4 protein chains.
Amino acid sequence: MQVTITEAARRKQIIDAAVEVIADLGYAKTSFARIVERAELSSTRLISYHFADKNDLMMAVLISSVGTLDELLNARLEGLTGRAEMLRAYIEVRVELLRTHPKQLRAITEVADNHRAADGSPMFAPLLTDFRVGRMERQLRQGQREGVFAEFDPAVMANTISSAIEGVARSGLPLDGYGRELADLFDRATRAAAQ
Amino acid sequence: MQVTITEAARRKQIIDAAVEVIADLGYAKTSFARIVERAELSSTRLISYHFADKNDLMMAVLISSVGTLDELLNARLEGLTGRAEMLRAYIEVRVELLRTHPKQLRAITEVADNHRAADGSPMFAPLLTDFRVGRMERQLRQGQREGVFAEFDPAVMANTISSAIEGVARSGLPLDGYGRELADLFDRATRAAAQ
Amino acid sequence: MQVTITEAARRKQIIDAAVEVIADLGYAKTSFARIVERAELSSTRLISYHFADKNDLMMAVLISSVGTLDELLNARLEGLTGRAEMLRAYIEVRVELLRTHPKQLRAITEVADNHRAADGSPMFAPLLTDFRVGRMERQLRQGQREGVFAEFDPAVMANTISSAIEGVARSGLPLDGYGRELADLFDRATRAAAQ
Amino acid sequence: MQVTITEAARRKQIIDAAVEVIADLGYAKTSFARIVERAELSSTRLISYHFADKNDLMMAVLISSVGTLDELLNARLEGLTGRAEMLRAYIEVRVELLRTHPKQLRAITEVADNHRAADGSPMFAPLLTDFRVGRMERQLRQGQREGVFAEFDPAVMANTISSAIEGVARSGLPLDGYGRELADLFDRATRAAAQ
DNA sequence: AATGAATGAGCGTTCATTCAT
DNA sequence: GATGAATGAACGCTCATTCAT
């Protein structure tokens, strides 16, 4: 059961089509049939062949999209040292990703919000939230210790920043300037008084 | 043609069951069959009898939930005069509603985010967003004119506040103190320098 | 259970709406719901109240339409004596009815052709055909005895004339002149050689 | 994408069963369930697997039936040269087909007459009529130019012949001799005076 | 003379998945 | 590495009809 090059390419093709369908139609209207149309495959059988089940495919979509974006994000943030500087950069890059990778971002949200177990419990949302928010919370807490940031609940602040960024797409507002504006906003909200 | 008492009661029964199912299972897993189970009706036929189609039911769910919550919200905000005071109260009440009306709030989000036309375009989300955000944006703009609020983009700020509130549920954080913390956060982010 | 004026009026209202729906949508797409829309009634319940079942309504549609048209037809034919003259007039009037009563004619055809018992056997078609064709066949036979018509199978001729008239609507050809042309055609086909 | 042997056989099996059901029960009472019974398939799902939707199946029924019969018809008519001779042969063969292929003929009529778009407009009838009648009209017109046929409106005559043939089945009359009788009839109706 | 409320059965269609090559 | 063929279950929706006033 070795993974050949073709196998990997096929999986990527299917995942990419799934990302597009999810971004365009939303999770609820996404089906194997729609993905097959988008990827111009012969039948849904091919998806079942390469992925154990729908859950497996959705996980792959999530891993692929999150992986791609986190890699870009990390590349853009490396080398930054100051906490406030990092926060600003993080927000601006996240908003910038909306312009360069809107489909992946939509797909991540759709899958995380809507993919559930049979009993209705969300499968990926908690992990994803922990992943994103947990990291930021630690940064904020460290910044408070360093005296860069004011007193506030780091968990609430981290979650608020995360939600604010997710909310950018929903707003339909023009993206130019949005990142800077948002960075300014959270700078005011976090900055220690006598910086 | 005219709405009888029995008819209204049945509709309410179905809508309430729908709200619960949507809140518990999410929009994608909600079906007439699940609603029938929850409401202990005889068959899905009864839903089709009282609502033209799925779209009609979802609209009713939205109108019912938004109406209930907005009524409560307005009751709690009336009599407040200062812009900053109003903003604080708005945020705290919205968070408080999460404790008292979690199902309605979840249902609103689920339906607004996921109910779409056949081509995938959202049907209710834009209206709902305009409604909520537009009102707040006008308040912020007025506050800036009055010198209560600092310089910032009111559209971005309104959208950020709205997103932040919607993100509370997702966080899974304890609600006590969350409202106050969030109010403090946006107070710092909006307040004019000469406080 | 006396038949009041209102009762009769209501039945007529429903029958007329049914005729229109059948003519417009065809028998297969006709339902109580569509008739209710057309007649602007409150619910299908009203149809079930005035007619025992679908079969009863369809019978009423047929009786009403056939009755109306036969009355007109007979009025136009009375006083004619010559067999050939009568045949010509019959054909021309039948074609003329297409212009003045297209809906009734379509409804008759639709119901006669498509309304069936549960086992698929037609319910009205044979009677209607017998009624129309039988009468004409007797006229033709009499004309042959009188030496006005040539030798031909009267049953086949009667059925052919009937079919030809029914086929006018299907042709989509302009009606002016069609009746005369058809009358000429069957005059040539029936006329004795040395008239 | 490509049509396999099994696929073609299955489609044929379903189409043939559909033809029988339509011929026996009529279009309005035909459903996937009835076809499944006739073809002894496992479930209606199998029909949906092989045909995009009901419309697709009906089109296939029409194409299959019309194709089969036209092939037979053309084979029987080839080699004939005289216009009058051709007309006679055409009519007689069409009537003969009623004996050998009654189900296909009924199915064609049922589908053409009753299959409609959502708004009630017929989907196949106009094309089918044009196809059949148009061809005959051209033959008649040519015959007139050649002096074989008398003066008459070729469009009306073509439509009348077509209707007369369609009306044979409806008559319930014995078929032996019917074809010849009908051919004689239209021979008299079309033949030029100087025969 | 009419209505409100409800219903069982059936419709065509779509879902992700599986068997057998 | 891929496919053809098929499937059980569920979907939202419409049908004519009935019960109880």
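Computed from a predicted model, the values in this text were never measured in an experiment. By convention in this document, chain letters (A, B, ...) are assigned in the order of the sequence lines, proteins followed by strands, and residues within each chain are numbered from 1.
For the pair D/Lys29 and C/Tyr27, the cation-pi test (distance below 6.0 Å, angle within 45°) is failed.
The CD1 atom of C/Ile47 sits 14 Å away from the P atom of F/dT18 (whole-angstrom rounding). For the pair D/Asn55 CG and E/dC11 C1', the interatomic distance rounds to 16 Å; values are reported in whole Å. For the pair D/Asp53 CG and E/dT13 C1', the computed distance is 9 Å after rounding to whole Å. Remark: C1' of F/dG12 and CE of B/Met58 are 11 Å apart, rounded to the nearest angstrom. As a whole-Å value, the separation of B/Lys29 NZ from F/dA10 C1' is 13 Å. Regarding B/Ile5, its CD1 atom lies at a distance of 13 Å from the C1' atom of E/dG4, rounded to whole Å. For D/Ile14 and F/dA5, the CD1 to C1' distance is 11 Å, given to the nearest whole Å. Regarding A/Tyr49, its OH atom lies at a distance of 17 Å from the P atom of E/dA20, rounded to whole Å.
Shortest non-hydrogen contact noted between C/Ala112 and C/Phe124 is CA-CB, 4.5 Å.
Side-chain nitrogen and oxygen atoms of B/Thr6 include none within less than 4.0 Å of the OP1 or OP2 phosphate oxygen of E/dG4. Contact between the side-chain N/O atoms of D/Thr4 and the OP1/OP2 oxygens of F/dA5 is found at a separation under 4.0 Å. Applying the 4.0 Å criterion to OP1 and OP2 of F/dT17, one finds that C/Ser48 has every side-chain N and O outside that range. Put simply, B/His50 has no side-chain N or O that comes within less than 4.0 Å of OP1 or OP2 on E/dG4. The side chain of D/Ser31 contributes an N or O atom lying less than 4.0 Å from OP1 or OP2 of E/dC11. Taking 4.0 angstrom as the limit, B/Arg45 places none of its side-chain polar atoms (N or O) nearer than this to OP1 or OP2 of F/dG12.
Heavy atoms of A/Arg11 sit nowhere under 4.0 angstrom from any nucleic acid atom. Using a 4.0 Å heavy-atom criterion, one finds that C/Ser43 contacts no nucleic acid atom at all.
Place B/Lys54 and C/Lys54 on DNA chain F by their nearest nucleotides, and B/Lys54 ends up nearer the 5' end. Sequence order on DNA chain F of the closest nucleotides to B/Arg34 and D/Arg10 puts D/Arg10 first from the 5' end.
A salt bridge links C/Lys103 with C/Asp24: the distance from a Lys NZ or Arg NE/NH1/NH2 to an Asp or Glu carboxylate oxygen falls below 4.0 Å. Between B/Arg34 and B/Glu37, at least one side-chain nitrogen of the basic residue sits less than 4.0 Å from a carboxylate oxygen of the acidic one, meeting the salt-bridge criterion. Ion pairing between a basic and an acidic side chain is recognised when a charged N comes within 4.0 Å of a carboxylate O; C/Asp16 and C/Arg38 show no such pairing.
Checking E/dT17, F/dA6, E/dT7 against every side-chain atom of B/Ser42, the shortest atom distance belongs to E/dT7. Checking E/dA2, F/dA2, E/dT13 against every side-chain atom of D/Phe32, the shortest atom distance belongs to E/dT13.
Of all nucleotides present, only E/dA2 satisfies the Watson-Crick or G-U wobble test against F/dT21, with each distance under 3.5 Å.
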- Query: Going through the distances and angles, do B/Glu110 and B/Thr30 end up as a side chain to side chain contact (heavy atoms under 4.5 Å, CB included)?
  - Reply: CA-CA 10 Å; B/Glu110 286 285 335; B/Thr30 295; over 6 Å; no

